[in-house]
Structures are given as structure tokens and as C-alpha cells.
2 protein chains.
Amino acid sequence: MASHTVENYLKALFALANEVGEVGISDLSDHLAVSKPSVNGMAKALQQDGFLKYEKYKPLKLTAKGKKAAALVVRKHRLTEMFLVEQMGFGWDEVHDIAEQVEHVKAPAFFDRMDELVGFPTVDPHGSPIPDAQGNVLEIDCMKLSECSVGSKVSLVGLSQSSKSLLTFLDSHGIALGHTFHVRAVEPFDGSMTMLHKGAQDQTFSLKVCERLLVKREA
Amino acid sequence: MASHTVENYLKALFALANEVGEVGISDLSDHLAVSKPSVNGMAKALQQDGFLKYEKYKPLKLTAKGKKAAALVVRKHRLTEMFLVEQMGFGWDEVHDIAEQVEHVKAPAFFDRMDELVGFPTVDPHGSPIPDAQGNVLEIDCMKLSECSVGSKVSLVGLSQSSKSLLTFLDSHGIALGHTFHVRAVEPFDGSMTMLHKGAQDQTFSLKVCERLLVKREA
DNA sequence: TTTAATTGTTAGGTGAGTCTAACAATGTAG
DNA sequence: CTACATTGTTAGACTCACCTAACAATTAAA
């Protein structure tokens with residue numbers, strides 16, 4: 001089984017590949033807060049173990065084996081987050097750090113039981129998809145709120161790069177997954193958007209916020 | 001915070017001290033399946049960190065700091081076991097290995113929430129006491145079933161050195177914590193005992209089993 | 001296209017935790 | 001009281017994951 005460290009590298013590779021496509025040594029180095037030579041060394045090791053295709057000066061590419069292993073770590077992370085929220089009463093802004101640790105537990109039965117107890121969810125508390133037990137990830141059909149034009153009616157289905165501060169911000173504005181937004185105006189100067197939230201109240205958010213909100217067009 | 005490894009050494013020290021009093025390098029070496037030189041080196045390191053009093057060729061002694069740290073690891077372990085049984089539906093024979101891993105999670109809120117959800121228990125699913133958040137351990141008033149004489153009426157309150165195989169054995173004989181036993185006969189040859197179980201049925205157990213069953217005299 | 005910035009690599013070292021081989025101290029039996 | 005067995009210690013080496021300093025390759029800018 002992969003070590004705690006290897007699991008973290010795989011998870012980072014997986015996340016970065018989904019965000020930016022090409023992943024370089026420096027990207028990983030930044031994301032994991034580890035020096036570039038360390039990443040370089042680990043890349044060689046992961047290649048040796050068949051998790052990675054690695055050629056000098058070329059971007060890193062997860063192999064099929066690597067993708068599956070990474071997805072299974074992400075699965076453990078997201079199931080844990082779901083369990084923490086649904087069964088243990090934590091807030092969606094509290095679960096990331098705990099799940100970051102619990103995800104390294106090697107006990108399939110533990111995660112299977114979580115899965116069962118929360119009713120085999122397909123997304124985590126932040127709307128991110130939970131890979132299945134075979135490591136397959138379901139793509140979610142969504143777009144950034146910032147890409148929507150005036151008049152669009154959408155509902156919030158997920159977040160990209162959710163951070164504790166973003167979650168706290170959303171909480172403080174009463175925003176949760178599933179809520180609807182009706183785009184009223186887009187400010188050309190800074191891209192900030194004004195929306196009717198839940199058909200009730202106008203709210204204005206900066207471009208920075210709107211880029212993080214993943215939405216689906218309302219039926 | 002103490003590393004995963006250090007936590008395991010502390011836990012072992014704690015367990016062995018409760019079982020045999022004096023703990024030597026070899027005891028730890030056996031218990032942790034680690035070579036004696038490794039234990040020797042770790043003993044020096046733990047002494048350095050103030051967890052241990054260590055003098056050459058003398059038995060190892062946990063300091064107050066060491067005892068507290070060890071008790072808090074045991075607390076995490078036993079709370080986890082309780083949570084796994086009470087909230088997640090695992091059997092008492094399945095929880096040890098999972099708890100062995102979960103106990104190393106560094107997230108006090110996680111264990112506090114478990115504690116709350118299972119109703120602030122004082123003993124784990126095997127009847128072992130759960131240290132409180134300050135590291136204090138409640139002594140349980142009990143004796144080995146093997147020390148009871150014919151005619152004693154007792155109830156099962158805990159196990160000493162519970163192993164998967166012991167738990168499976170007890171399960172298969174329908175025995176659980178709280179059950180009553182009325183000692184009917186003790187075989188002088190091999191120490192095996194015949195008891196009336198739950199006032200219903202006579203069962204005979206070997207000395208080896210009876211030494212592991214911790215009981216309290218019935219009121 | 002030569003320069004500068006970014007990005008990646010090599011070389012060499014550190015600390016934690018482990019091991020084996022060899023030896024020293026302690027304890028137990030005869 | 002010597003002899004042997006147990007127990008503990010030292011020395012030296014290994015792996016994993018990390019680091020810094022220095023250098024090389026690639027890419028972007030002037």
C-alpha cells in the first residue's frame with residue numbers, strides 16, 4: 001500500500017491535473033509546500049512504482065494505475081467529509097482538515113461503512129464528486145457562475161478550490177448548495193455580479209467569488 | 001505533537017506497565033515487534049523529550065508527562081472503538097485494528113464529537129476504562145474469573161488482553177459484557193471451570209479463558 | 001537572438017526510525 | 001562461585017522523505 005506521503009502526492013497530482021491539465025514539478029512543489037528537488041525525487045520513485053509517467057523536463061502524467069490510486073484516496077477523503085457532516089454534525093467549513101488525516105486510514109471496511117451510513121452519496125458536502133470504489137469519477141455538468149450572462153437562472157452545484165475562508169464567506173451570506181441565483185447585472189469594470197438569491201434578495205459578489213461558484217442552468 | 005511512532009511506544013509502555021509493572025527493553029521489543037536496539041534508541045529519545053525516565057540497564061518508567069500523553073492516546077483508541085461499535089455498527093471483534101489507525105488522527109474536535117455522540121462512555125466495548133480528557137484513568141474494581149471459588153456469583157465487566165480470537169470465541173459462546181456467571185465447579189487438574197451462564201446453561205471454560213475474563217462480585 | 005526569468009536537475013546532507021552483528025552487563029543454576 | 005542464559009548496549013548501515021546550494025535546460029522578453 002502507498003505511504004501517507006505517496007497518497008498525498010497522488011491526491012495533489014489528481015487535483016492539479018483537473019485544475020490546470022499540465023502539471024509541472026513546480027506546481028506540485030507549491031501545492032504540497034515541498035522543495036522542487038524533493039518533488040523531483042518523488043517523481044522518479046512514483047514512476048518506478050508505475051504511478052506516473054515521467055521524462056526529464058516534461059510535465060508529469062499519472063498512469064491509469066496512478067489515476068485509480070489517486071481517485072481512491074480522493075474517495076476516502078470525500079466520503080469522510082460527507083460522514084463528518086451528515087453523521088457527526090460538523091459544518092462544511094470544518095471537515096477538510098479532519099478528512100485530510102482520516103483519509104490515510106487503511107481499513108476499507110471503515111470507509112465502506114461510512115458510505116453505507118450516509119446513503120452512498122455521489123458528491124461531497126462541497127459538491128465535488130465522490131469517485132466510486134473502482135476509482136471512476138463522474139463528471140459533473142456545470143459552469144462557473146462568472147461565465148453566466150445577465151438573465152441566466154442557475155443553481156449552485158459545487159465549488160472550485162473551496163477554502164475555509166470561502167466556505168465561511170458563503171455561510172455568512174446564507175448561501176448553500178442547491179440555492180438558485182438569477183443573474184441581474186454584471187459590472188463591466190470589475191466583473192462583479194448582482195444576483196437575486198433564492199428568489200428573495202439581491203446580492204452582489206466579486207468576480208473572485210463568482211469564479212469559485214459552480215452552477216447548473218435551471219430547468 | 002508526538003509522531004505516530006512515539007504514540008505507539010507510549011501506548012505500549014502504558015499497557016505493559018499496567019500488565020506487568022516493570023517494563024524492560026525486551027518487553028517493548030516483543031510487544032511492538034521491533035528490535036531491541038531500536039527500542040533502546042527510542043528510549044533515549046523519549047527520555048530526551050521528558051516522556052520517560054531511563055537509566056542504563058534499569059527498567060523503563062513513564063514520567064507524569066509520559067503517562068498523560070499515553071493515556072490520551074489510549075483515550076483516542078477506546079473512544080474510537082466505542083464509536084465504531086455504537087454508531088457505525090461494527091462488532092467488538094472488528095474494531096481494534098481500525099481504531100489502531102484512527103487513534104493517530106490529530107483533531108481533538110473529532111474525538112470530542114465521538115465522545116458526545118456515544119454519550120461520554122467510561123469504558124470501551126471490551127470493558128476497558130476510557131481515560132478522561134486530562135489523562136486520568138479510572139480504576140475498575142474487578143478480579144479474574146479464574147480467581148473465583150466455587151459458589152461465586154459474578155458478572156463480566158471486562159477482558160484482559162482481549163484478542164480477536166478471544167472475542168470470536170466469546171461471541172460463539174453467546175457471552176457478552178454484563179452477563180452473569182455462577183461458578184459451579186473448578187477442575188483441580190487443569191483449572192477449567194464450569195459455570196451457570198445467565199442462570200440458564202452450564203458452560204465449561206479452560207483456565208486460559210477464565211484468566212482473561214474480568215468479573216465483579218454480584219450484589 | 002542574446003538576455004533574463006522560470007523551471008528542472010544534480011549533488012550532497014539531515015533526521016527519524018529501522019535493522020544486524022558483536023559485545024557487555026545482569027541474573028540464575030549448578 | 002563459576003558458567004550460561006537472558007537482557008541491554010554500541011557501532012554501523014539502510015530507507016524514506018526531506019532540505020540547501022549550485023548548475024542546466026527551457027521559455028519568454030527585449
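Below, chain A is the first sequence line, B the second, and so on; all start at residue 1.
As rounded to whole Å, 14 Å separates atom P of C/dT7 from atom CG of A/Leu60. Taking atom NZ of residue B/Lys44 and atom C1' of nucleotide C/dA16, one finds them 15 Å apart after rounding to whole Å. If you take CD of A/Glu55 and P of C/dT9, they are 11 Å apart, rounded to a whole angstrom. Taking atom NZ of residue A/Lys36 and atom C1' of nucleotide D/dA24, one finds them 12 Å apart after rounding to whole Å. Going from atom CG of B/Asp30 over to atom C1' of D/dG8 covers 13 Å, rounded to whole Å. Atoms OH (B/Tyr57) and P (D/dT9) sit 6 Å apart, rounded to a whole Å. B/Gln48 places its CD atom 14 Å from the P atom of C/dG17, with the value rounded to the nearest Å. Rounded to whole Å, the distance from CD1 on A/Ile25 to C1' on C/dT10 is 13 Å.
If B/Pro37 and B/Ala45 are placed on DNA chain C by their nearest nucleotide, the residue sitting closer to the 5' end is B/Ala45.
Note on ring orientation: taking the six-membered ring where Trp is involved, the planes of B/Phe83 and A/Phe83 are perpendicular (angle over 60°, cut-offs 30° and 60°). Ring orientation note: the planes of B/His4 and B/His104 are close to parallel, at an angle under 30° on the 30°/60° scale.
The side chain of A/Ser38 places no N or O atom within less than 4.0 Å of a non-bridging phosphate oxygen (OP1 or OP2) of D/dA17. Contact annotation: B/Ser35 does not reach the phosphate of C/dT18 (side-chain N/O to OP1 or OP2, under 4.0 Å). At least one side-chain nitrogen or oxygen of A/Ser3 sits closer than 4.0 Å to the OP1 or OP2 atom of D/dA17. Listed pair B/Asn40 / D/dT9 meets the phosphate criterion, a side-chain N or O lying under 4.0 Å from OP1 or OP2. Put simply, A/Thr5 has no side-chain N or O that comes within less than 4.0 Å of OP1 or OP2 on D/dC16. For the OP1/OP2 pair of C/dA16 and a distance below 4.0 Å, the side-chain nitrogens and oxygens of B/Tyr9 include no atom meeting the criterion.
Residues A/Ala185 and A/Val150 come closest through the heavy atom pair CA-CG2, 3.9 Å. In terms of heavy atoms, B/Asp132 sits closest to B/Arg75 at O-CD, 3.5 Å.
Counting only heavy atoms from C-beta outward, the side chains of A/Leu117 and B/Met88 approach each other to under 4.5 Å.
Residue contacts for B/Val34: at a heavy-atom cut-off of 4.0 Å it reaches the sugar-phosphate backbone alone, with no base atom in range. No engagement by B/Lys58 is indicated, since no non-hydrogen atom pair under 4.0 Å with the nucleic acid exists. Residue-level contact check: B/Ser26 touches the backbone only, with heavy atoms under 4.0 Å from sugar-phosphate atoms and none from bases.
Of all nucleotides listed (D/dT9, C/dT10, D/dA17), D/dT9 comes nearest to the side chain of B/Lys56.
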